[in-house]
Amino acid sequence: MEIAQILIDGKWRTATAEATFHATNPATGETLATPFPVSEWSDCDLALEAAAHAAIELRKLAPEQLAAFLEAYAANIEAASAAIVEAAAEETGLPASPRLKDVELPRTTNQLRQAAAAAREESWKRATLDLERNIRSCFAPIGPVIVFGPNNFPLAFNGISGGDFAAAIAAGNPVIAKAHPLHPNTTRLLAEEARKAAVETGLPSGAAQMIYHINNANGLKLVSDARVGAVGFTGSRGAGLALKKAAEEAGKPVYLEMSSINPVIFLPGALVEDGEKLARELADSCLAGAGQFCTSPNVILLWDNANTESLLASVAKTFSERAPQPLLSLSGQSQIQAGVAALTSAGAELVAGGHNVDGPGYRYANTLLRATAKQFLARPHELQREVFGNVTMAITVEGLEELVSTLELFEGNLTGAIYSAKTGADDELYAQIEPLLRQKVGRLLNDKMPTGVAVSPAMHHGGPFPATSHPGFTSVGIPAALTRFATLQCYDGVREDRLPAVLRNKIQNADTWRSIDGAWVKG
(Lines give C-alpha, C1' and ligand atoms only; values in the text may rest on other atoms or scores of the structure.)
Protein backbone atom coordinates (compact mmCIF):
# COMPACT_ATOMS: atom_id res chain seq x y z
CA MET A 1 0.00 0.00 0.00
CA GLU A 2 1.24 3.50 -0.84
CA ILE A 3 2.54 5.69 1.96
CA ALA A 4 0.17 8.55 2.83
CA GLN A 5 1.23 11.97 1.55
CA ILE A 6 1.83 15.10 3.60
CA LEU A 7 0.28 18.52 2.98
CA ILE A 8 2.97 21.11 2.21
CA ASP A 9 2.40 24.52 0.61
CA GLY A 10 -1.11 23.66 -0.52
CA LYS A 11 -0.21 20.37 -2.22
CA TRP A 12 -0.22 16.73 -1.22
CA ARG A 13 3.30 15.45 -1.77
CA THR A 14 5.39 12.41 -1.00
CA ALA A 15 7.26 12.83 2.25
CA THR A 16 10.99 12.50 2.60
CA ALA A 17 10.60 9.73 5.14
CA GLU A 18 13.13 8.17 7.48
CA ALA A 19 10.58 5.49 8.49
CA THR A 20 6.88 4.68 8.42
CA PHE A 21 4.31 3.79 11.05
CA HIS A 22 0.77 2.39 11.22
CA ALA A 23 -2.15 3.37 13.36
CA THR A 24 -3.95 0.74 15.44
CA ASN A 25 -7.58 0.16 16.28
CA PRO A 26 -7.37 0.18 20.10
CA ALA A 27 -10.74 -1.50 20.50
CA THR A 28 -9.51 -4.61 18.67
CA GLY A 29 -5.71 -4.34 18.70
CA GLU A 30 -5.74 -4.56 14.89
CA THR A 31 -2.97 -2.76 13.00
CA LEU A 32 -4.52 -0.61 10.27
CA ALA A 33 -3.35 -0.96 6.70
CA THR A 34 -2.18 2.49 5.61
CA PRO A 35 1.48 3.35 6.26
CA PHE A 36 2.26 6.93 7.28
CA PRO A 37 5.64 8.65 6.99
CA VAL A 38 7.99 9.81 9.72
CA SER A 39 9.30 12.93 7.99
CA GLU A 40 12.93 13.93 7.82
CA TRP A 41 13.94 17.52 8.56
CA SER A 42 13.71 18.51 4.88
CA ASP A 43 9.90 18.23 5.07
CA CYS A 44 9.85 20.51 8.12
CA ASP A 45 12.10 22.97 6.33
CA LEU A 46 9.80 23.12 3.30
CA ALA A 47 6.78 23.66 5.54
CA LEU A 48 8.52 26.41 7.47
CA GLU A 49 9.55 28.18 4.29
CA ALA A 50 6.00 28.07 2.94
CA ALA A 51 4.60 29.23 6.28
CA ALA A 52 7.03 32.15 6.40
CA HIS A 53 5.80 33.35 3.00
CA ALA A 54 2.17 32.74 3.98
CA ALA A 55 2.62 34.82 7.14
CA ILE A 56 3.48 37.86 5.04
CA GLU A 57 0.48 37.34 2.79
CA LEU A 58 -1.92 36.73 5.65
CA ARG A 59 -1.06 40.09 7.19
CA LYS A 60 -2.42 41.74 4.06
CA LEU A 61 -5.79 39.98 4.21
CA ALA A 62 -8.92 41.52 5.65
CA PRO A 63 -10.33 39.80 8.74
CA GLU A 64 -13.37 38.88 6.68
CA GLN A 65 -11.25 36.55 4.53
CA LEU A 66 -9.88 34.71 7.55
CA ALA A 67 -13.42 34.35 8.85
CA ALA A 68 -14.62 33.07 5.48
CA PHE A 69 -11.94 30.36 5.53
CA LEU A 70 -12.87 29.18 9.02
CA GLU A 71 -16.57 29.08 8.15
CA ALA A 72 -15.94 27.27 4.87
CA TYR A 73 -13.76 24.77 6.70
CA ALA A 74 -16.47 24.12 9.28
CA ALA A 75 -18.99 23.51 6.49
CA ASN A 76 -16.57 21.18 4.70
CA ILE A 77 -16.04 19.12 7.85
CA GLU A 78 -19.80 18.76 8.24
CA ALA A 79 -20.15 17.66 4.61
CA ALA A 80 -17.42 15.04 5.08
CA SER A 81 -18.48 14.09 8.61
CA ALA A 82 -19.37 10.46 7.87
CA ALA A 83 -15.87 9.58 6.65
CA ILE A 84 -14.16 11.67 9.35
CA VAL A 85 -16.18 10.08 12.17
CA GLU A 86 -15.62 6.57 10.78
CA ALA A 87 -11.86 7.12 10.65
CA ALA A 88 -11.73 8.65 14.13
CA ALA A 89 -13.73 5.80 15.64
CA GLU A 90 -11.48 3.22 13.99
CA GLU A 91 -8.27 4.90 15.14
CA THR A 92 -9.30 5.80 18.71
CA GLY A 93 -11.88 3.20 19.76
CA LEU A 94 -14.16 6.06 20.79
CA PRO A 95 -17.84 5.49 19.94
CA ALA A 96 -18.95 7.05 16.67
CA SER A 97 -22.22 8.04 18.34
CA PRO A 98 -22.76 9.90 20.50
CA ARG A 99 -19.12 10.80 21.33
CA LEU A 100 -17.70 11.67 17.92
CA LYS A 101 -20.65 12.39 15.64
CA ASP A 102 -22.99 14.07 18.10
CA VAL A 103 -20.61 15.76 20.54
CA GLU A 104 -17.05 16.21 19.36
CA LEU A 105 -17.62 17.00 15.69
CA PRO A 106 -20.24 19.71 16.42
CA ARG A 107 -17.91 21.14 19.05
CA THR A 108 -15.14 21.28 16.44
CA THR A 109 -17.22 23.15 13.89
CA ASN A 110 -18.68 25.39 16.59
CA GLN A 111 -15.27 26.57 17.74
CA LEU A 112 -14.17 27.16 14.14
CA ARG A 113 -17.22 29.39 13.68
CA GLN A 114 -16.60 31.16 17.00
CA ALA A 115 -13.05 31.85 15.84
CA ALA A 116 -14.43 33.22 12.57
CA ALA A 117 -16.69 35.60 14.50
CA ALA A 118 -13.74 36.75 16.62
CA ALA A 119 -11.59 37.36 13.53
CA ARG A 120 -14.35 39.42 11.95
CA GLU A 121 -15.20 41.40 15.10
CA GLU A 122 -11.54 42.17 16.04
CA SER A 123 -12.02 43.03 19.71
CA TRP A 124 -9.31 40.48 20.55
CA LYS A 125 -6.76 42.90 19.05
CA ARG A 126 -7.41 45.30 21.98
CA ALA A 127 -6.86 48.38 19.87
CA THR A 128 -5.77 51.24 22.15
CA LEU A 129 -5.54 54.84 20.92
CA ASP A 130 -3.89 57.77 22.69
CA LEU A 131 -5.13 60.44 20.29
CA GLU A 132 -3.43 63.38 22.00
CA ARG A 133 0.03 61.87 21.60
CA ASN A 134 -0.81 59.87 18.48
CA ILE A 135 0.39 56.63 20.07
CA ARG A 136 -1.60 53.54 19.22
CA SER A 137 -1.22 49.83 19.84
CA CYS A 138 -2.91 46.54 19.08
CA PHE A 139 -2.30 42.83 18.98
CA ALA A 140 -1.22 41.45 15.62
CA PRO A 141 -0.24 38.04 14.17
CA ILE A 142 2.93 36.57 15.66
CA GLY A 143 3.94 34.42 12.69
CA PRO A 144 3.92 30.70 11.85
CA VAL A 145 2.44 28.58 14.62
CA ILE A 146 3.35 24.94 15.24
CA VAL A 147 0.47 22.92 16.72
CA PHE A 148 0.94 19.51 18.33
CA GLY A 149 -2.45 17.87 18.81
CA PRO A 150 -3.15 15.35 21.62
CA ASN A 151 -4.22 11.72 21.49
CA ASN A 152 -7.61 11.96 23.21
CA PHE A 153 -9.64 14.41 21.09
CA PRO A 154 -9.11 13.47 17.43
CA LEU A 155 -11.36 16.29 16.16
CA ALA A 156 -11.82 19.10 18.71
CA PHE A 157 -8.13 19.32 19.66
CA ASN A 158 -6.62 17.98 16.45
CA GLY A 159 -3.60 19.95 15.26
CA ILE A 160 -5.31 20.78 11.95
CA SER A 161 -8.87 21.42 13.20
CA GLY A 162 -8.87 22.03 16.95
CA GLY A 163 -8.93 25.06 19.17
CA ASP A 164 -5.25 25.94 18.76
CA PHE A 165 -5.57 25.77 14.98
CA ALA A 166 -8.74 27.90 14.98
CA ALA A 167 -7.23 30.52 17.29
CA ALA A 168 -3.97 30.77 15.35
CA ILE A 169 -5.71 31.18 11.99
CA ALA A 170 -8.24 33.68 13.36
CA ALA A 171 -5.32 35.75 14.66
CA GLY A 172 -3.87 35.79 11.14
CA ASN A 173 -1.13 33.17 11.42
CA PRO A 174 -0.27 30.18 9.24
CA VAL A 175 -0.27 26.81 10.99
CA ILE A 176 1.96 23.77 10.63
CA ALA A 177 0.08 20.92 12.27
CA LYS A 178 1.90 17.86 13.60
CA ALA A 179 -0.62 15.03 13.56
CA HIS A 180 -0.83 12.71 16.51
CA PRO A 181 0.40 9.25 15.44
CA LEU A 182 -2.63 7.57 17.05
CA HIS A 183 -5.06 9.10 14.53
CA PRO A 184 -3.16 10.01 11.34
CA ASN A 185 -5.91 9.08 8.87
CA THR A 186 -8.44 11.23 10.72
CA THR A 187 -5.96 14.11 10.53
CA ARG A 188 -5.41 13.47 6.81
CA LEU A 189 -9.16 13.74 6.13
CA LEU A 190 -9.42 16.96 8.14
CA ALA A 191 -6.37 18.42 6.37
CA GLU A 192 -8.00 17.72 3.01
CA GLU A 193 -11.05 19.76 4.03
CA ALA A 194 -8.80 22.57 5.28
CA ARG A 195 -6.94 22.62 1.97
CA LYS A 196 -10.23 22.81 0.04
CA ALA A 197 -11.44 25.68 2.21
CA ALA A 198 -8.16 27.55 1.69
CA VAL A 199 -8.55 27.24 -2.08
CA GLU A 200 -12.23 28.27 -1.92
CA THR A 201 -11.48 31.43 0.06
CA GLY A 202 -8.13 32.43 -1.45
CA LEU A 203 -5.86 31.88 1.54
CA PRO A 204 -2.13 31.54 0.82
CA SER A 205 -1.04 28.00 -0.02
CA GLY A 206 1.10 27.76 3.12
CA ALA A 207 -1.65 28.85 5.52
CA ALA A 208 -2.55 25.32 6.67
CA GLN A 209 0.01 22.52 6.40
CA MET A 210 0.31 19.08 7.97
CA ILE A 211 2.97 16.45 8.60
CA TYR A 212 2.26 13.18 10.37
CA HIS A 213 5.26 12.46 12.53
CA ILE A 214 8.88 13.45 13.19
CA ASN A 215 11.55 12.14 15.51
CA ASN A 216 12.18 13.85 18.85
CA ALA A 217 15.30 15.68 17.68
CA ASN A 218 13.47 17.22 14.72
CA GLY A 219 10.55 18.14 16.96
CA LEU A 220 12.88 20.16 19.19
CA LYS A 221 14.55 21.68 16.13
CA LEU A 222 11.16 22.60 14.67
CA VAL A 223 9.90 24.55 17.69
CA SER A 224 13.17 26.47 18.00
CA ASP A 225 13.47 27.46 14.34
CA ALA A 226 13.88 31.20 13.69
CA ARG A 227 10.87 31.20 11.33
CA VAL A 228 8.46 30.04 14.06
CA GLY A 229 6.23 32.55 15.82
CA ALA A 230 4.75 30.40 18.60
CA VAL A 231 3.98 26.82 19.59
CA GLY A 232 0.82 25.13 20.91
CA PHE A 233 1.05 21.69 22.51
CA THR A 234 -1.32 19.36 24.35
CA GLY A 235 0.13 16.14 25.71
CA SER A 236 2.34 14.56 28.33
CA ARG A 237 4.39 16.44 30.88
CA GLY A 238 7.67 14.91 29.74
CA ALA A 239 7.22 15.79 26.08
CA GLY A 240 5.87 19.22 26.92
CA LEU A 241 8.81 20.15 29.14
CA ALA A 242 11.28 19.08 26.45
CA LEU A 243 9.54 21.28 23.87
CA LYS A 244 9.30 24.12 26.39
CA LYS A 245 13.05 24.07 27.00
CA ALA A 246 13.88 24.06 23.28
CA ALA A 247 11.38 26.78 22.36
CA GLU A 248 12.20 29.12 25.24
CA GLU A 249 15.94 28.82 24.68
CA ALA A 250 15.22 30.10 21.16
CA GLY A 251 12.97 32.87 22.49
CA LYS A 252 9.75 31.33 21.15
CA PRO A 253 6.55 31.53 23.21
CA VAL A 254 5.20 28.03 23.83
CA TYR A 255 1.76 27.28 25.25
CA LEU A 256 1.54 23.86 26.82
CA GLU A 257 -1.22 21.81 28.37
CA MET A 258 0.44 18.96 30.24
CA SER A 259 -0.75 17.26 33.43
CA SER A 260 -3.55 17.74 35.95
CA ILE A 261 -5.08 15.64 38.74
CA ASN A 262 -8.20 17.84 39.03
CA PRO A 263 -9.00 17.50 42.74
CA VAL A 264 -12.62 17.11 43.81
CA ILE A 265 -13.44 17.90 47.45
CA PHE A 266 -16.55 16.55 49.15
CA LEU A 267 -17.31 18.52 52.30
CA PRO A 268 -19.12 16.53 55.02
CA GLY A 269 -22.55 18.10 54.63
CA ALA A 270 -22.69 17.29 50.92
CA LEU A 271 -22.45 13.55 51.60
CA VAL A 272 -25.11 13.78 54.30
CA GLU A 273 -27.56 15.36 51.86
CA ASP A 274 -27.17 12.91 48.95
CA GLY A 275 -24.18 10.61 49.07
CA GLU A 276 -25.67 8.10 46.60
CA LYS A 277 -26.17 10.74 43.92
CA LEU A 278 -22.63 12.05 44.40
CA ALA A 279 -21.22 8.52 44.15
CA ARG A 280 -22.93 8.13 40.76
CA GLU A 281 -21.67 11.51 39.53
CA LEU A 282 -18.15 10.70 40.63
CA ALA A 283 -18.08 7.27 38.98
CA ASP A 284 -19.54 8.63 35.74
CA SER A 285 -16.99 11.42 35.63
CA CYS A 286 -13.99 9.21 36.41
CA LEU A 287 -14.92 6.59 33.81
CA ALA A 288 -16.08 8.87 30.98
CA GLY A 289 -13.94 8.19 27.93
CA ALA A 290 -12.02 5.59 29.98
CA GLY A 291 -10.79 8.49 32.10
CA GLN A 292 -8.80 9.83 29.17
CA PHE A 293 -9.85 13.45 29.62
CA CYS A 294 -7.43 16.11 30.76
CA THR A 295 -10.08 17.17 33.30
CA SER A 296 -10.81 13.69 34.68
CA PRO A 297 -10.79 13.63 38.52
CA ASN A 298 -7.61 11.83 39.62
CA VAL A 299 -7.86 12.77 43.31
CA ILE A 300 -10.88 12.94 45.62
CA LEU A 301 -10.67 14.52 49.09
CA LEU A 302 -13.15 13.48 51.78
CA TRP A 303 -13.60 13.49 55.55
CA ASP A 304 -12.74 10.18 57.23
CA ASN A 305 -16.20 9.08 58.39
CA ALA A 306 -19.01 6.61 57.75
CA ASN A 307 -20.55 8.62 54.91
CA THR A 308 -17.23 8.60 53.08
CA GLU A 309 -16.96 4.82 53.51
CA SER A 310 -20.42 4.43 52.04
CA LEU A 311 -19.58 6.62 49.03
CA LEU A 312 -16.31 4.81 48.36
CA ALA A 313 -17.98 1.42 48.63
CA SER A 314 -20.59 2.53 46.08
CA VAL A 315 -17.92 3.88 43.71
CA ALA A 316 -15.84 0.71 44.03
CA LYS A 317 -18.94 -1.40 43.22
CA THR A 318 -19.64 0.68 40.11
CA PHE A 319 -16.02 0.49 39.02
CA SER A 320 -16.05 -3.30 39.38
CA GLU A 321 -19.37 -3.80 37.60
CA ARG A 322 -18.88 -1.43 34.69
CA ALA A 323 -17.02 -2.85 31.68
CA PRO A 324 -13.75 -1.01 31.02
CA GLN A 325 -13.76 1.03 27.82
CA PRO A 326 -10.96 0.80 25.23
CA LEU A 327 -7.88 2.86 25.94
CA LEU A 328 -6.31 4.88 23.17
CA SER A 329 -3.16 2.80 22.83
CA LEU A 330 -1.02 -0.03 24.17
CA SER A 331 1.42 2.54 25.52
CA GLY A 332 -1.46 4.21 27.37
CA GLN A 333 -2.28 0.89 29.01
CA SER A 334 1.36 0.45 30.00
CA GLN A 335 1.51 3.97 31.44
CA ILE A 336 -1.59 3.32 33.56
CA GLN A 337 -0.07 0.11 34.87
CA ALA A 338 3.14 1.96 35.76
CA GLY A 339 1.19 4.79 37.39
CA VAL A 340 -0.87 2.47 39.58
CA ALA A 341 2.28 0.62 40.60
CA ALA A 342 3.94 3.91 41.54
CA LEU A 343 0.95 5.00 43.64
CA THR A 344 0.76 1.70 45.52
CA SER A 345 4.53 1.77 46.07
CA ALA A 346 4.07 5.21 47.64
CA GLY A 347 1.54 3.80 50.08
CA ALA A 348 -1.86 3.97 48.33
CA GLU A 349 -4.18 1.02 48.94
CA LEU A 350 -5.81 -0.71 45.97
CA VAL A 351 -9.60 -0.84 46.45
CA ALA A 352 -10.78 -1.97 43.00
CA GLY A 353 -9.13 -2.86 39.70
CA GLY A 354 -5.40 -2.52 39.33
CA HIS A 355 -4.78 -4.90 36.44
CA ASN A 356 -4.93 -5.25 32.66
CA VAL A 357 -8.12 -6.75 31.23
CA ASP A 358 -7.96 -9.70 28.85
CA GLY A 359 -9.81 -9.49 25.59
CA PRO A 360 -9.64 -7.52 22.35
CA GLY A 361 -7.81 -4.23 22.26
CA TYR A 362 -6.29 -2.29 25.12
CA ARG A 363 -8.23 -2.16 28.37
CA TYR A 364 -7.42 -1.66 32.05
CA ALA A 365 -9.72 -2.47 34.93
CA ASN A 366 -11.52 0.54 36.38
CA THR A 367 -9.30 1.34 39.34
CA LEU A 368 -9.94 3.01 42.68
CA LEU A 369 -7.19 3.59 45.24
CA ARG A 370 -7.20 5.29 48.61
CA ALA A 371 -4.70 6.90 50.96
CA THR A 372 -4.80 9.01 54.08
CA ALA A 373 -3.84 12.65 54.28
CA LYS A 374 -0.98 11.64 56.57
CA GLN A 375 0.37 9.38 53.83
CA PHE A 376 -0.01 12.16 51.27
CA LEU A 377 1.75 14.70 53.46
CA ALA A 378 4.66 12.30 53.87
CA ARG A 379 4.99 11.68 50.11
CA PRO A 380 3.18 14.51 48.30
CA HIS A 381 5.17 14.31 45.06
CA GLU A 382 4.59 10.58 44.54
CA LEU A 383 0.91 10.65 45.54
CA GLN A 384 -0.19 13.43 43.21
CA ARG A 385 1.03 11.68 40.11
CA GLU A 386 -1.36 11.99 37.17
CA VAL A 387 -2.53 8.63 35.84
CA PHE A 388 -4.14 9.30 32.48
CA GLY A 389 -6.99 6.83 32.33
CA ASN A 390 -9.73 5.14 34.34
CA VAL A 391 -7.94 5.49 37.69
CA THR A 392 -8.74 7.73 40.64
CA MET A 393 -7.54 7.95 44.24
CA ALA A 394 -9.43 9.00 47.36
CA ILE A 395 -7.57 10.80 50.13
CA THR A 396 -9.30 10.85 53.52
CA VAL A 397 -8.66 13.71 55.93
CA GLU A 398 -9.31 13.78 59.66
CA GLY A 399 -10.23 17.46 59.72
CA LEU A 400 -9.79 20.91 58.29
CA GLU A 401 -6.14 21.18 59.27
CA GLU A 402 -5.16 18.09 57.29
CA LEU A 403 -7.17 19.24 54.30
CA VAL A 404 -5.50 22.66 54.33
CA SER A 405 -2.05 21.10 54.61
CA THR A 406 -2.83 18.80 51.68
CA LEU A 407 -4.09 21.60 49.46
CA GLU A 408 -1.02 23.66 50.22
CA LEU A 409 1.17 20.93 48.70
CA PHE A 410 -0.82 20.48 45.50
CA GLU A 411 0.75 21.49 42.21
CA GLY A 412 -1.18 23.55 39.68
CA ASN A 413 -4.23 22.00 38.01
CA LEU A 414 -6.68 22.74 35.25
CA THR A 415 -9.68 22.33 37.53
CA GLY A 416 -10.74 21.93 41.15
CA ALA A 417 -14.24 21.23 42.44
CA ILE A 418 -15.89 21.61 45.85
CA TYR A 419 -19.16 19.91 46.77
CA SER A 420 -20.89 21.43 49.79
CA ALA A 421 -24.25 21.21 51.54
CA LYS A 422 -27.05 23.22 49.98
CA THR A 423 -28.29 24.03 53.49
CA GLY A 424 -25.19 26.11 54.21
CA ALA A 425 -23.85 23.63 56.75
CA ASP A 426 -20.46 23.59 54.98
CA ASP A 427 -20.18 27.31 54.31
CA GLU A 428 -17.61 28.00 57.01
CA LEU A 429 -15.39 25.17 55.78
CA TYR A 430 -15.84 26.33 52.19
CA ALA A 431 -14.73 29.85 53.07
CA GLN A 432 -11.51 28.52 54.59
CA ILE A 433 -10.47 26.16 51.78
CA GLU A 434 -11.70 28.04 48.70
CA PRO A 435 -8.86 30.61 48.68
CA LEU A 436 -6.28 27.79 48.82
CA LEU A 437 -7.86 25.78 46.01
CA ARG A 438 -8.54 28.92 43.97
CA GLN A 439 -4.79 29.58 43.65
CA LYS A 440 -4.09 26.02 42.53
CA VAL A 441 -6.57 25.72 39.65
CA GLY A 442 -7.55 27.50 36.47
CA ARG A 443 -11.27 26.67 36.74
CA LEU A 444 -13.05 26.39 40.08
CA LEU A 445 -16.31 24.43 40.14
CA ASN A 446 -19.06 24.15 42.74
CA ASP A 447 -21.27 21.05 42.98
CA LYS A 448 -20.38 19.67 39.56
CA MET A 449 -17.73 17.41 38.08
CA PRO A 450 -14.95 18.96 35.98
CA THR A 451 -15.01 16.71 32.91
CA GLY A 452 -17.16 18.97 30.73
CA VAL A 453 -15.37 21.93 29.10
CA ALA A 454 -17.86 24.27 27.43
CA VAL A 455 -16.78 26.22 24.35
CA SER A 456 -17.68 29.58 25.86
CA PRO A 457 -15.99 32.99 25.75
CA ALA A 458 -15.89 32.83 29.56
CA MET A 459 -14.20 29.41 29.71
CA HIS A 460 -10.67 29.12 31.04
CA HIS A 461 -8.98 25.86 30.08
CA GLY A 462 -5.60 26.46 31.62
CA GLY A 463 -4.04 26.77 35.02
CA PRO A 464 -0.87 27.06 37.07
CA PHE A 465 2.17 24.93 36.22
CA PRO A 466 2.37 22.00 35.52
CA ALA A 467 -1.19 22.00 34.21
CA THR A 468 0.05 24.50 31.63
CA SER A 469 3.18 26.49 30.93
CA HIS A 470 1.51 29.85 31.66
CA PRO A 471 -1.45 30.48 33.99
CA GLY A 472 -2.61 33.59 32.17
CA PHE A 473 -3.77 31.95 28.93
CA THR A 474 -6.50 29.56 27.84
CA SER A 475 -6.75 27.06 25.01
CA VAL A 476 -10.57 27.09 25.15
CA GLY A 477 -12.57 30.29 25.18
CA ILE A 478 -12.65 32.62 22.22
CA PRO A 479 -11.58 35.41 21.76
CA ALA A 480 -9.19 35.07 24.74
CA ALA A 481 -7.47 32.04 23.18
CA LEU A 482 -6.33 34.12 20.19
CA THR A 483 -3.93 36.30 22.17
CA ARG A 484 -1.54 33.35 22.68
CA PHE A 485 -0.67 33.64 19.01
CA ALA A 486 -0.32 37.40 18.85
CA THR A 487 2.31 40.05 19.40
CA LEU A 488 1.62 43.55 20.76
CA GLN A 489 2.61 46.25 18.28
CA CYS A 490 2.83 49.98 18.93
CA TYR A 491 2.67 52.86 16.41
CA ASP A 492 4.06 56.22 17.56
CA GLY A 493 3.39 59.23 15.35
CA VAL A 494 2.57 57.06 12.34
CA ARG A 495 0.38 58.75 9.74
CA GLU A 496 -3.19 57.52 9.83
CA ASP A 497 -3.26 56.20 6.27
CA ARG A 498 -0.26 54.01 7.15
CA LEU A 499 -1.86 52.48 10.23
CA PRO A 500 -3.59 49.10 10.39
CA ALA A 501 -7.29 49.61 9.83
CA VAL A 502 -8.11 48.71 13.43
CA LEU A 503 -6.02 51.66 14.71
CA ARG A 504 -7.47 54.41 12.56
CA ASN A 505 -9.60 57.11 14.17
CA LYS A 506 -13.07 55.94 13.21
CA ILE A 507 -13.12 52.38 14.46
CA GLN A 508 -15.09 50.20 16.81
CA ASN A 509 -13.63 48.04 19.59
CA ALA A 510 -10.93 50.52 20.57
CA ASP A 511 -9.86 51.86 23.92
CA THR A 512 -9.29 55.60 23.42
CA TRP A 513 -7.22 57.41 26.06
CA ARG A 514 -7.19 61.15 26.75
CA SER A 515 -5.24 63.35 29.13
CA ILE A 516 -7.42 65.38 31.51
CA ASP A 517 -5.70 67.54 34.12
CA GLY A 518 -2.57 65.42 33.82
CA ALA A 519 -4.38 62.12 34.32
CA TRP A 520 -5.02 59.54 31.61
CA VAL A 521 -8.64 58.43 31.31
CA LYS A 522 -10.34 56.09 28.87
CA GLY A 523 -13.17 57.40 26.71
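On a predicted model such as this, the values are computed, not experimentally measured, just so you know.
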(Q) Within a 6.0 Å radius of atom CG on Asn446, are there more than 12 heavy atoms belonging to other residues, nucleotides or ligands? (A) yes
Exercise. Return the orientation label for the Phe21 and His213 ring planes: parallel under 30°, perpendicular over 60°, tilted otherwise.
Key: perpendicular
Next on the checklist: Check this for me, if you would: do Arg237 and Glu411 make a salt bridge, where the nitrogen-to-carboxylate-oxygen distance has to be below 4.0 angstrom?
Outcome noted: yes
dist Glu86:CD -> Glu91:CD (nearest 0.5 Å) comes out at 10.5 Å
All heavy atoms of Leu190 vs all of Pro154, minimum pair found to be CD1-O, 3.8 Å
- Query: For atom NZ of Lys252, is the number of surrounding heavy atoms from other residues, nucleotides or ligands below 6.0 Å larger than 12?
  - Reply: yes
The reported gap from CG in Leu112 to CZ in Arg107 (rounded to nearest 0.5 angstrom) is 11.5 Å
Flag the pair Phe473 / Phe485 as yes when their ring centroid distance falls below 6.0 Å, and as no otherwise. no
Quiz prompt | Aromatic Phe153 / basic Arg99 pairing, under 6.0 angstrom, 45° off normal | solution = yes
Q.
Tell me whether Glu192 at atom CD has more than 12 heavy atoms from other residues, nucleotides or ligands lying less than 6.0 Å away.
A. yes
Evaluate the ring planes of Tyr364 and His355, with Trp represented by its six-membered ring, and classify them as parallel (under 30°), tilted (30 to 60°) or perpendicular (over 60°). tilted
In this structure, CZ of Phe266 is separated from OG1 of Thr396 (nearest 0.5 Å) by 14.0 Å
